Amino acid sequence: MALLTGAPRGTKDVIPAQVYKWQYLEDTLRRCARDFGFTEIRFPTFEHTELFLRGVGDTTDVVQKEMYTFQDKGGRSITLRPEGTASVVRSVLENSLYAAGLPLKVWYMAPNYRYEKPQAGRLREHHQFGVESLGSASATADAEVIGLADTFLSRLGIQTVALRINSIGCPKCRPGYHEALRAYFNTHEEKLCPTCHERLERNPLRVLDCKDEGCRGVAKDAPHTTDHLCTECAEHFEKLKSCLSAMGIVYTVDTRIVRGLDYYTKTVFEFVTDCIGAQGTVCGGGRYDGLVEALGGPSTPGLGFGSGLERLLMVMEASGVEIPKPDGCALFVAAIGERAQSEATLLVHKLRRAGVAAEQDTMGRSLKAQMKYADRIGARYCAVLGDDELDAGEVKIKDMTTGTAEPCALSVEAIASYIKQK
RNA sequence: GUGGGUAUAGCUCAGUCGGUUAGAGCGCCAGUUUGUGGCACUGGAGGUCGUCGGUUCGAUCCCGAUUAUCCACCCCA
């Protein structure tokens with residue numbers, strides 16, 4: 001078959017046979033957000049490019065080389081959203097949502113676009129569930145957000161993820177740390193890989209995360225962020241750790257965690273797995289106390305996370321989580337002959353209007369083929385309608401799982417109540 | 001952006017040391033007598049062997065390019 005064109009690189013269709021998995025995942029996430037007191041927010045798929053330059057940070061890879069940016073017919077520079085947080089903050093400011101009282105706790109589920117080279121767990125269009133909590137500077141808010149992530153992961157039956165946390169400090173203490181880090185790495189420069197020489201300039205934190213053997217050796221004894229925090233940041237981090245422990249949430253402090261978005265301050269965290277390939281971060285986020293102000297709003301602390309739906313489904317798949325399939329056809333009405341055919345059409349239509357998921361043949365198949373079809377689509381019950389039944393005013397309703405049949409009066413009401421009572 | 005693997009039926013894959021009509025399993029459709037699915041058996045439909053070019057008497061197979069896809073780096077969800 002010559003196909004005109006395939007789907008764009010890095011995008012994925014969700015075919016009918018698979019949607020139930022997405023629906024299950026989405027329902028679970030929605031319920032979890034509600035239980036934690038978060039409400040949904042929706043925003044456009046594209047924004048002014050400026051928002052991301054300032055919000056995400058114009059030195060980040062996401063902004064520098066991964067954005068889908070174009071000029072619209074009005075000459076505006078528009079960008080397809082590469083991540084959700086900037087849009088949320090923009091919407092909050094634009095609609096003065098903070099005026100209704102703080103904290104403001106919102107969640108979203110939306111596609112993101114990044115021009116990347118696709119691989120396992122990495123797409124050009126991917127979907128994220130994310131939450132943002134604005135207004136509280138307290139570590140309790142951090143614990144609440146992390147607690148929400150921990151909860152939905154466990155509700156989804158995902159056990160193969162580990163929580164890693166770190167604190168990367170604030171604008172007060174971070175420069176000092178960066179200096180200490182640069183000074184340390186400069187004394188070992190000859191052992192670092194070429195990419196890390198670049199990293200040293202842009203973001204020395206990244207060197208800590210390099211997988212190169214030489215870099216690992218050097219990074220092992222590098223100064224830790226946590227040793228260079230100002231008292232405020234250090235106290236915040238301690239408070240978070242004790243909150244998590246009190247909540248029974250297992251974590252490890254990983255001083256190599258660095259996030260690629262500029263707005264993070266203090267707490268950063270990741271839930272990672274090793275069962276879906278190299279892109280193992282299933283949920284990542286942190287605090288961004290300077291972001292709201294950077295986007296022109298009042299100085300407001302906040303934090304949040306993003307979680308990739310495709311990756312969550314991959315982990316669920318890899319760890320054998322069984323996702324319940326929704327009910328399909330409740331009653332298949334097989335018809336023999338033209339008279340029964342049109343009676344069946346009427347019957348099925350009325351049953352559907354009465355709330356019964358009924359089906360009939362539209363392919364002109366033989367009775368046997370109709371039965372086969374009913375079986376294939378997973379019909380719970382099946383009724384054969386022919387001249388005999390029409391004359392007698394009664395049909396046999398066959399239970400497709402047991403193979404036994406019971407008689408029922410040939411009326412919409414009788415059949416509907418028979419199916420519903422089961 | 002860099003590197004490696006792969007490309008044959010709807011799906012998972014064989015195969016041709018280069019030679020006539022390219023196969024299997026699963027799936028789909030039909031039949032195995034007259035009004036009943038799952039099991040079994042039989043048959044059928046379905047492929048320009050990713051695309052373009054080169055070598056050759058001859059290419060699905062060898063070579064080159066291109067595209068797609070998978071995986072890793074980078075980065076992130």
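Below, chains carry the letters A, B, ... as their sequence lines are ordered, and counting in each starts from 1. Here the structure is a predicted model, which is why all the values come from computation and not from measurement.
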Under-4.0 Å side-chain N/O to phosphate OP1/OP2 contact, [X] with [N]:
X: A/Arg122; N: B/C73; result: no
X: A/Lys368; N: B/G37; result: yes
X: A/Gln119; N: B/A72; result: yes
X: A/Lys372; N: B/C39; result: no
X: A/Arg9; N: B/U69; result: yes

Worksheet item: For A/Lys117 and B/A68, what is the distance between atoms NZ and P respectively, to the nearest whole Å?
Response: 10 Å

Worksheet item: Can you tell me how far P of B/G38 sits from CZ of A/Arg380, to the nearest Å?
Response: 18 Å

Discussion item. Any donor-acceptor pair, under 3.5 Å, between the side chain of A/Glu116 and the base of B/G1, if you only look at N and O atoms?
Written reply: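 Such a pair does not exist between side chain and base.
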
Worksheet item: Nearest to the side chain of A/Ala369 - B/A30, B/A77, B/G37?
Response: B/A30

Item to complete: Report the relative orientation of the aromatic rings in A/Trp107 and A/Phe129; use parallel for angles under 30°, tilted for 30 to 60°, perpendicular for over 60°.
Response: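 The arrangement is tilted - the two ring planes meet at 30° to 60°.
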
Discussion item. Classify the ring geometry of A/Phe271 against A/Phe269: parallel below 30°, tilted from 30° to 60°, perpendicular beyond 60°.
Written reply: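 A/Phe271 vs A/Phe269 ring planes: perpendicular.
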
Worksheet entry | Mate of B/G23 where both pairing distances stay under 3.5 Å, Watson-Crick or G-U |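 Here B/G23 is engaged in a pair, and the nucleotide opposite it is B/C13.
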
Fill in: Cationic tip of A/Arg124 above A/Tyr115 ring, under 6.0 Å, 45° of axis
yes

Worksheet item: Is any NZ, NE, NH1 or NH2 atom of the basic residue among A/Lys396 and A/Asp388 found under 4.0 Å from an Asp or Glu carboxylate oxygen of the other?
Response: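 Salt bridge: no.
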
